[in-house]
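Below is one structure, written out as structure tokens; comments come after it.
For ligands, and for the atoms within them, numbers begin at 1 and follow the listed sequence. The model shown is predicted, which means the values in this text are computed figures rather than measured ones.
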Amino acid sequence: MFSITKTYEKRLTKNDIEVINRNNVFEKIKNYKTENKERYIRYYEKNKSLNYEDVVTQVNIGLDYGFYNYIEKSDSKKDILILVNKYSKLNDNYIPKDLEEIDQQYFINGNKNRRMLRKEAKKAFERLSSDSIKNNTPVYGQSGYRSYNTQKLLYEKELKKKDKEIVDAETARPGHSEHQTGLTIDVSSTKSGNMLEFEKTKSFLWMQKNAYKYGFILRYPKGKENIHGYTYESWHYRYVGKKVARDMNDKHNNLTYDEYYYKFIEK
Ligand SMILES: [Zn+2]
């Protein structure tokens, strides 16, 4: 398991805080928010190894409060760029308006009730899947859109089997699942479904090289668990459109979508 905030031995001295205040270091950072000023200073105090830019981004995400302790409403006006995470939540009645069923040839056998995505994402995924099959590195959909209630049942079912901390690292709470956006799909390299093994397949390597060309990003990358809050998922892809996916791939490979959103999309 991972921890949300690391505590460093060296604390900020009174003098350090005065220096921060005097130089207004955070105010010079893009996306600085006046209302968060105190939070930046307090967060930096606990995470002195971070640079000022990361402090601003991480506090804007809500990381200083910890998972599920600081919750805002997801901004659905952002359309395909909407952010849903442990700090941004969809309403329980939010259903994307343009859901469409993915063609069966691009989806695993069974799981029919999870075969939908929003129109644009569905088209992009079908192209991706089709090309991957031609390349002999097949990528099939395994689980697409899930409603608030489906997620609620799934989360509650997991809670009966595992400790809450483990469930939270693996399964989103209802309203916090990206699958509710209709822009997210779990994938598999076989028709019978093997998403938990996906990382070991050549289909995964193909996705690493090509997913962005179709507008998809790996949403929960390895090494960034403290930001996105999940154990690494090699099978979970989010549609953000070609422009953003390419920009993230080419220039911001080290950022999760949570960070990218607060740096480049929010305003
Ligand atoms: Zn998923």
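Closest N/O/S atom of His179 to the Zn ion (ligand 1): NE2. Its N, O or S atom nearest to the Zn ion (ligand 1) is what matters here, and for His236 that atom is ND1.
Salt-bridge check for Glu53 with Lys263: passed, with a basic side-chain N closer than 4.0 Å to an acidic carboxylate O. Under the 4.0 Å criterion applied to side-chain N and carboxylate O atoms, Arg115 and Glu100 are not assigned as salt-bridge partners. Of the charged side-chain nitrogens involved, at least one lies within less than 4.0 Å of a carboxylate oxygen, so that Glu197 and Lys200 count as a salt-bridged pair. By the 4.0 Å N-to-carboxylate-O rule, Arg173 lies close enough to Asp168 to be salt-bridged with it.
For Asp186, the nearest N, O or S atom to the Zn ion (ligand 1) falls under 2.8 Å.
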